[in-house]
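Please read these numbers as outputs of a predicted model, since none were measured by experiment. Quick note on labels: first sequence line is chain A, next is B, and so on, each numbered from 1.
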Protein chains: 2
Amino acid sequence: MTTLKDVADQAHVSRMTVSRVINHPDKVTEEVKQLVYQAMQSLDYHPNAMARALVNNRTQIIKLLVLEEMTTVEPYYMNLLTGISKVLEEHQYALQLVTENSFEIGTCDGYIITGMRDEDYQWIKELTLPFVLFGENRYGYDFVDSDNKMGGQIGTRYAIQRGYKHLIYVGIDLAEPFEYSREAGYIQVMQENGLEPQIIRSVNHSTQIQNYISEHWSEFEENTVFISASDRLALGIERAIIAQKGSIPEQYGVIGHDSVFLDQVAFPKLTTIKQEVSKMGGLCAKMLLDKINNGNQLQGKCVIEPQLVVRGTTK
Amino acid sequence: MTTLKDVADQAHVSRMTVSRVINHPDKVTEEVKQLVYQAMQSLDYHPNAMARALVNNRTQIIKLLVLEEMTTVEPYYMNLLTGISKVLEEHQYALQLVTENSFEIGTCDGYIITGMRDEDYQWIKELTLPFVLFGENRYGYDFVDSDNKMGGQIGTRYAIQRGYKHLIYVGIDLAEPFEYSREAGYIQVMQENGLEPQIIRSVNHSTQIQNYISEHWSEFEENTVFISASDRLALGIERAIIAQKGSIPEQYGVIGHDSVFLDQVAFPKLTTIKQEVSKMGGLCAKMLLDKINNGNQLQGKCVIEPQLVVRGTTK
DNA sequence: TTGTAAGCGTTATCAA
DNA sequence: TTGATAACGCTTACAA
């Protein structure tokens with residue numbers, strides 16, 4: 001294993017100079033810097049993360065705390081994890097996936113927290129280590145999220161553009177900011193177009209909404225599009241329409257939200273508002289690392305635009 | 001932060017003695033041991049993993065290498081990760097999630113590898129660090145998997161027991177050990193019962209098998225059950241049956257395999273062969289840590305029994 | 001059985 | 001601008 005000393009010897013400088021070239025390159029002569037770079041290259045030197053961690057009192061670990069039941073939730077988190085991991089690895093950080101129960105074990109340098117419920121904001125403010133939330137919140141905490149309002153807008157605008165006459169929003173029956181934002185986007189576009197919003201809310205289960213739509217089928221005229229807050233809901237709606245022999249996408253349209261796995265499994269495949277979850281994961285990681293390296297400073301929010309993916313459930 | 005020294009001072013012994021109590025408790029007097037334990041408790045001492053890692057030349061990181069396209073694959077991996085993470089955390093290890101591309105960056109103490117294709121066995125044997133495979137293999141590498149053959153057997157036996165007359169196995173068109181094993185389980189039970197195996201193979205996409213079943217619908221007599229190699233296939237089969245107006249579960253049955261997310265999203269929910277993926281993840285981690293701590297010794301295989309979950313698609 | 005000394009690879013501090 | 005020294009918290013090797 002190549003160490004600082006090896007590089008220092010090869011470059012005929014002291015270990016400190018090599019360390020400086022790595023950490024404070026501005027405090028070293030250009031000349032010396034080149035020498036050291038060459039030595040590092042020829043020896044294939046990589047700093048020892050553990051030694052660094054020890055002296056800096058870091059763990060090089062960040063924890064991802066998921067406050068929802070992961071196994072029952074959309075395969076959302078796998079994408080998030082992929083994104084987080086990629087960035088962390090570039091910075092020689094590793095990940096620990098924790099749930100509420102195992103939260104206390106072991107130390108770390110910071111947290112990414114997701115699946116926040118309202119009551120969680122109680123204890124979260126007690127945290128001393130840097131953290132970043134995945135998912136918008138109204139308490140001023142740093143977060144990364146998709147632009148949920150825009151998501152609602154995009155879907156609604158597209159539905160209008162495609163000529164659907166009745167636009168029904170199907171939301172998740174949950175008092176969460178992301179849900180309010182998506183609804184708000186829908187409502188805004190409806191009003192801009194002189195249309196009256198019509199909203200159904202349901203728990204986020206495909207079967208429940210499927211039953212609801214079936215039971216109320218007579219209320220839905222032809223040329224209706226269901227703009228839903230999740231692909232899970234969209235899947236159930238789609239199944240209800242098929243069961244009721246409504247034709248998709250001609251008589252009835254369905255627009256999902258998220259584009260994580262379920263949209264692909266649906267048949268026909270869902271038109272949906274895609275969130276780039278993996279990208280958001282990477283941004284969470286970046287934000288957190290910045291926070292760790294800058295004295296836990298407030299980072300603000302980071303919101304990225306969702307995209308419309310047109311597939312088989314809209315005309 | 002409490003250190004060895006603090007504990008040593010409190011217990012009126014040297015730092016070495018404390019270290020010994022932790023790492024070689026047999027080499028310390030019972031008396032002294034108790035003193036040290038008390039001091040550790042009263043000071044809430046936790047060894048610094050980084051310092052340990054440094055002196056032992058460890059990274060305290062293990063990498064999970066996923067050789068499949070994670071985003072398109074079943075939400076299988078989230079469960080695996082949960083299981084792995086739990087065990088790793090108990091042992092102060094952290095995880096890095098890597099794909100083929102990012103494989104080289106950074107060091108670690110060992111790998112858990114999954115999604116192995118045949119060609120991967122070429123380069124895997126070159127690995128010098130300890131590794132454990134998730135998924136059975138025929139090359140003698142240590143692995144953890146569900147008992148796939150038993151999975152095939154369980155499903156088939158249950159189908160016979162429930163009185164289905166025609167048992168068709170729907171496999172994944174892939175030359176992988178897990179697939180062979182599941183088929184073998186099916187075939188064995190069929191032969192034991194004097195029945196003739198009938199096998200269909202398809203790529204693991206719900207839509208493809210759905211089309212296939214629909215196109216060949218006339219070939220499937222009533223009282224047929226489809227025993228499938230994945231929930232994804234089962235979902236497609238179920239949809240085809242419904243589209244063809246076959247009644248589930250009376251005239252036609254469907255049995256899935258895996259029980260990860262999709263079985264719950266299906267309607268009716270799938271009867272399926274459940275794999276305890278999270279548990280398997282934990283076992284992978286345990287096996288790997290053992291390997292790391294025991295000079296990379298061969299660990300053999302670890303196979304756990306799948307379970308039948310009866311839901312709406314069988315009578 | 002216990003303690004002392006040295007060192008793991010790095011960085012901050014201070015002196016040159 | 002560069003280098004010597006001490007320190008981070010722990011463990012191995014050796015001595016008492």
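Residue A:Thr17 places at least one side-chain N or O closer than 4.0 Å to OP1 or OP2 of D:dG3. Taking 4.0 angstrom as the limit, A:Thr29 places a side-chain polar atom (N or O) nearer than this to OP1 or OP2 of D:dT2.
In this structure, B:Asp9 atom CG and D:dG9 atom C1' are separated by 14 Å, rounded to whole Å. When the C1' atom of D:dC10 is taken as reference, atom CZ of B:Arg58 falls 14 Å away, rounded to whole Å.
Nearest heavy-atom pair across A:Val7 and A:Val36 is CG1-O, 4.2 Å.
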Item to complete: Show your reasoning for whether salt bridge (charged side-chain N to carboxylate O under 4.0 Å, His left out) applies to B:Lys291 and B:Asp142.
Response: CA-CA 10 Å; B:Lys291 227 175 152 173; B:Asp142 299 325; 2.7 Å; yes
Worksheet entry | Annotated protein contacts, base or backbone, on nucleotides 6-16 of chain C with a non-hydrogen cut-off under 4.0 Å, one of B, S, - each | -BBBBBBB---
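Separating the CD atom in B:Glu305 from the CG atom in B:Asp147 is a distance of 7.0 Å, to the nearest 0.5 Å. For the atom pair CG (B:Asn204) and CD (B:Glu179), the distance works out to 9.0 Å, reported to the nearest 0.5 Å.
Paired with B:Thr29 under the rule side-chain contact (heavy atoms from CB on, under 4.5 Å), one option of B:Lys33, B:Lys27, B:Glu31 passes, and it is B:Glu31.
Contact check for A:Gln299 versus A:Val132: no side-chain heavy atoms found under the 4.5 Å cut-off.
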